[in-house]
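Below is one structure; the comments refer to it alone.
We name chains A, B, ... by the order of the sequence lines, and we start the count at 1 in each one. Owing to the predicted nature of the structure, the values given are computational and were not obtained by experimental measurement. Heavy atoms only: backbone and side chains are in, while hydrogens, waters and symmetry mates are out.
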Amino acid sequence: MIPSIFAYFAPTSVAEAIGLLTQYGDEAKVLAGGHSLLPAMKLRLAAPGVLIDINKIAELRGVVINGQINIGALTTWHTIEHHVGLKGVCGVLPEAVAQIGDIQVRNRGTLGGALAHADPSADATAVVLALDAQIRTHGPNGERTIAASDFFTDMLSTALEPSELITAVICHKLGAGEGAAYVKFPHPASRYAIVGAAAYVKLSDGKISTCRVAVTGAGPVPTRQGDTEQAMLGSDGSAEAVAKAAKVSGATMDILGDIHASEDYRRAMVKVYTKRALTTAIARARG
Amino acid sequence: MTTISVTVNGKQYTHDVEPRTLLVHFLREQLNLTGTHIGCDTSQCGACVVHINGVSVKSCTTLAVQADGAQVTTIEGLADGATLHPLQEGFWEKHGLQCGYCTPGMIMAAADLLKNNPNPSDDEIRHGLEGNLCRCTGYENIVKAVRYAADKMSAASVS
């Protein structure tokens with residue numbers, strides 16, 4: 001399978017890339033790791049006339065941890081998975097990323113690319129939602145920051161404008177009393193999430209004061225589970241409280257069925273994986 | 001057409017390619033290095049694994065233009081003259097193949113695995129080869145072949 005013909009550009013700066021995006025607009029696609037885009041182009045599901053390869057923009061790579069965590073958009077899964085500093089301050093990131101695809105996919109795939117592509121079965125989408133991450137973008141009108149909760153708008157669609165580029169993802173460092181987890185039911189060949197759940201909790205005086213749960217794989221869009229989050233607030237995080245909150249997970253979201261798993265099965269698994277993610281996140285928050 | 005310069009198995013090549021040319025097609029059809037196979041063509045089976053700057057990648061999901069300026073290693077570049085690489089020897093000694101279609105990718109993925117983890121457990125070998133599918137062996141002898149190579153390479157590094 002061979003992609004259709006395109007013009008190829010490899011800019012070396014963010015400004016140059018945005019110039020090209022502005023010039024070519026909807027005709028152009030950005031190539032990061034290419035592990036979603038190139039398969040789609042080979043199947044001719046995507047046929048951009050212009051491909052803007054951002055891999056030569058060195059400033060988009062790397063993880064910086066200071067007051068917060070700043071992950072460059074072009075940082076590969078491999079870098080996040082093996083980053084020495086991340087494990088201690090946001091262990092859910094390497095934990096989730098290690099479950100993506102296989103070693104060769106993780107060697108190429110990038111965080112920014114996955115978020116911009118917004119595959120309904122991607123893992124990182126649920127994690128950035130649960131972490132309440134900020135997605136930094138650059139466009140012809142300068143920089144802006146989009147909350148993860150505002151970013152995923154529809155199936156394979158985001159709040160990113162056609163001439164904008166994701167430059168970084170910013171998350172806060174998890175401290176005492178905070179815990180997060182990501183668990184998934186992977187498709188055995190592709191390892192995409194049939195259902196994945198990410199959970200974040202904060203404990204104050206033994207009670208849950210903040211809770212965020214996001215589900216991926218089950219429906220067209222990665223989705224925060226507001227009912228589950230509300231049910232957890234103020235609880236002691238006991239197994240009973242988790243079981244009760246997990247029962248309403250997925251209740252109000254669109255859930256899709258396909259040849260791999262029916263809608264009913266996915267609906268059931270959303271509850272199971274929500275429960276597992278919350279249980280682990282709470283155990284981690286307790287330390 | 002775009003001109004690219006790539007060093008493959010230590011030899012430098014400068015070629016004109018269409019930007020849409022996949023690295024695996026460049027290697028097989030322009031350089032005649034047919035040891036790298038095309039299996040599923042959908043980034044799942046791992047038959048096309050090669051190294052770019054020492055890192056294993058699926059060459060069916062990489063454009064040749066993305067390898068411009070890079071060092072590429074294919075299965076043809078692994079042996080030292082007539083002396084097989086310990087992984088090639090391991091696959092021979094432990095019957096790590098039947099039809100052999102997956103073998104080049106298996107060996108290139110295993111080489112990357114052993115570089116990062118020179119003494120993996122059997123579980124780590126299986127996990128490390130998740131991106132490579134084999135329809136003949138049932139994987140048992142592939143795990144044994146990688147273990148053979150790991151033992152041989154660590155013995156060589158000690159002596």
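With a threshold of 4.5 angstrom between heavy atoms, Leu31(A) approaches chain B through side-chain atoms but not through N, CA, C or O. Contacts of Leu51(A) with chain B are made by side-chain atoms alone, with heavy-atom separations under 4.5 Å and no backbone atom involved. For a residue to count as touching a neighbouring chain, one of its non-hydrogen atoms must lie under 4.5 Å from one of that chain's; by this rule Thr21(B) does not touch chain A.
Taking every heavy atom of both residues into account, Tyr8(A) and Pro19(B) meet most closely at CB-CB, 3.6 Å. Nearest heavy-atom pair across His25(B) and Ile2(A) is CE1-CG1, 3.9 Å. Across all non-hydrogen atoms, the minimal contact from Ile103(A) to Ser56(B) is CG2-OG, 4.1 Å.
At distances below 3.5 Å, not a single donor-acceptor pair connects side-chain atoms of Asp102(A) with backbone N or O atoms of Glu130(B). Put simply, the side chain of Asn107(A) never gets that close to the backbone of Val57(B): no donor and acceptor are under 3.5 Å apart. For Lys58(B) (side chain) and Val105(A) (main-chain N/O), no donor-acceptor pair under 3.5 Å exists by modelled atom type.
Around the CZ atom of Arg135(B), the shell of radius 6.0 Å holds no more than 12 heavy atoms that belong to other residues, nucleotides or ligands. For NZ of Lys29(A), the number of neighbouring non-hydrogen atoms (other residues, nucleotides, ligands) closer than 6.0 Å is 12 at most.
No other option in Thr2(B), Thr62(B), Ile38(B), Leu133(B) has as many heavy-atom pairs under 4.5 Å with chain A as Thr62(B). Put simply, of His82(A), His35(A), His78(A), the one with the most heavy-atom pairs under 4.5 Å next to chain B is His35(A).
The distance from atom NZ of Lys56(A) to atom CG of Asp68(B), rounded to the nearest 0.5 Å, is 5.0 Å. Taking CE from Met41(A) and CG from Leu22(B), the interatomic distance works out to 9.0 Å, rounded to the nearest 0.5 Å. A distance of 10.5 Å separates CD in Gln104(A) from OG1 in Thr61(B), rounded to the nearest 0.5 Å.
Near-neighbour residues of residues 43-54 of chain B relative to chain A, defined by a heavy atom under 4.5 Å from a heavy atom of that chain, comprise Ser43(B), Gln44(B), Val49(B), Ile52(B).
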Next item on the list: Before giving the answer on side chain to side chain contact (heavy atoms under 4.5 Å, CB included), spell out for Asp53(A) and Val65(B) the whole-Å C-alpha distance, their side-chain angles and the decisive distance to 0.1 Å.
Entry: CA-CA 10 Å; Asp53(A) 180 354; Val65(B) 287; 5.5 Å; no
Next item on the list: Please test Arg108(A) against Gln66(B) for side chain to side chain contact (heavy atoms under 4.5 Å, CB included), starting from the C-alpha separation and ending with a verdict.
Entry: CA-CA 11 Å; Arg108(A) 297 292 282 184; Gln66(B) 292 181 282; 3.4 Å; yes
